[in-house]
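Below is one structure, written out as structure tokens; comments come after it.
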2 protein chains.
Amino acid sequence: MSAPALKHDVFQAIADPTRRSVLQLLAQHDMPIVAISENFPLSRTAINKHLHILSDAGLVSSRRVGRETRYRLQPEPLAELKDWLAFFETYWHDRLSLLKDFVEKEPDPQ
Amino acid sequence: MSAPALKHDVFQAIADPTRRSVLQLLAQHDMPIVAISENFPLSRTAINKHLHILSDAGLVSSRRVGRETRYRLQPEPLAELKDWLAFFETYWHDRLSLLKDFVEKEPDPQ
DNA sequence: TTTTTATAACACCTTTTGGTTTCGTGTTTA
DNA sequence: TAAACACGAAACCAAAAGGTGTTATAAAAA
């Protein structure tokens with residue numbers, strides 16, 4: 001019910017460092033493509049492609065204002081990432097606990 | 001300091017669904033490659049490649065035990081992901097707060 | 001010692017990714 | 001209306017990703 005069959009998922013979308021930077025930029029405020037492109041050594045077309053991928057993943061929304069298209073950060077899909085991480089955090093903490101026990105009980109294994 | 005110039009970063013490593021499944025498998029207990037491969041419709045060689053990528057990202061460690069190589073989950077690098085997410089969670093909560101204010105103050109925008 | 005098992009290392013192939021340039025379309029502005 | 005601007009779409013390209021099968025090597029078992 002929460003995954004409407006997107007072409008690109010959030011894991012894939014954030015795999016690219018350029019796309020992660022774009023998201024950080026958009027976190028500050030909405031921006032049209034030209035403004036975004038100025039922050040990268042890439043063509044406007046390349047940035048446009050990245051925005052499409054981010055859009056497919058539901059991480060940005062776009063809205064035409066006159067002759068420009070303003071992009072906005074849509075952080076909600078990151079919840080999936082958070083949930084996925086939560087699964088491992090239990091193991092993580094368990095491992096740290098185990099390590100703690102080990103260190104406390106066996107000061108020198110040799 | 002914390003990023004020892006890895007060939008694959010954690011964002012890239014978890015982008016592939018097969019690799020995410022492998023991590024979930026290894027969360028249960030250490031496993032050699034054959035045991036891992038049995039859970040996927042892929043060749044052992046393909047799984048081996050995925051394990052190398054996970055290893056490059058520091059997400060698994062390997063240890064030879066006789067003639068088999070046991071892989072173990074190493075969840076610590078996921079902290080980078082968690083930190084990255086934390087940055088957006090502030091915006092996230094701010095947006096939800098704004099939405100809440102909007103709904104409370106303007107029952108019907110039309 | 002021979003055979004089987006577990007894996008690593010190659011060589012190779014196909015698809016996807018990330019980038020480019022070019023061209024077309026709609027929107028301001030002069 | 002003409003020029004400048006912002007963007008989308010298409011064609012193209014190189015490199016990386018993801019997969020295969022084959023071969024080599026070391027350990028365990030027969």
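Lettering follows sequence order; numbering is per chain, from 1.
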Using 4.0 Å as the upper bound for N to carboxylate O, is an ion pair formed by D16(A) and K49(A)?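 Not counted as a salt bridge, because no side-chain N and carboxylate O are separated by less than 4.0 Å.
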Take atom [atom1] of [X] and atom [atom2] of [N], then tell me their distance rounded to the nearest Å.
X: I47(A); N: dT17(C); atom1: CD1; atom2: P; value: 17 Å
X: L51(B); N: dA6(C); atom1: CG; atom2: C1'; value: 13 Å
X: I53(A); N: dA9(D); atom1: CD1; atom2: P; value: 14 Å
X: H8(A); N: dA17(D); atom1: NE2; atom2: C1'; value: 14 Å

From the list dA6(C), dG18(C), dT17(C), which nucleotide is the closest neighbour of the side chain of D16(A)? dG18(C)
Quick check on DNA chain C: between P32(B) and K49(A), whose nearest nucleotide comes earlier from the 5' end?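 So the residue in question is P32(B).
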Output the distance between atom OG1 (T18(A)) and atom CG (L54(A)), rounded to the nearest 0.5 Å.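 Here the rounded value is 10.0 Å.
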Interatomic spacing from OG in S21(B) to CD1 in I47(B) - rounded to 0.5 Å: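 These two atoms lie 9.0 Å from each other.
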Please list, in numerical order, the residues of residues 33-46 of chain A that have a heavy atom closer than 4.0 Å to any atom of DNA chain D.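 Per residue number, the list reads I33(A), V34(A), R44(A), T45(A).
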N/O donor-acceptor pair under 3.5 Å between [X] side chain and [Y] backbone:
X: R19(B); Y: I14(B); value: no
X: R72(B); Y: V60(B); value: no
X: R20(A); Y: A15(A); value: yes
X: S55(A); Y: L51(A); value: no

Does [X] have a side-chain nitrogen or oxygen under 4.0 Å from the phosphate oxygens OP1 or OP2 of [N]?
X: N48(B); N: dT7(C); value: no
X: Q12(A); N: dT16(C); value: no
X: H50(A); N: dG19(C); value: yes
X: T18(B); N: dG18(D); value: no

Would you mind classifying the nucleic acid contact of R70(A) as base, sugar-phosphate or nothing, using non-hydrogen atoms under 4.0 angstrom?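 R70(A): no heavy atom of the nucleic acid under 4.0 Å.
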Run the numbers on L78(A) and W84(B) for side chain to side chain contact (heavy atoms under 4.5 Å, CB included), then give the verdict. CA-CA 11 Å; L78(A) 292 178; W84(B) 185 82; 4.0 Å; yes
Does L73(B) belong to the same Ile/Leu/Val/Met/Phe/Trp/Tyr cluster as M31(B), with side-chain heavy atoms less than 4.5 Å apart forming each link? yes
Counting primed atoms plus P, OP1 and OP2 as sugar-phosphate and everything else as base, spell out the protein contacts along nucleotides 25-30 of chain D at 4.0 Å heavy-atom distance: B, S or - for each nucleotide, 5' to 3'. --BSS-
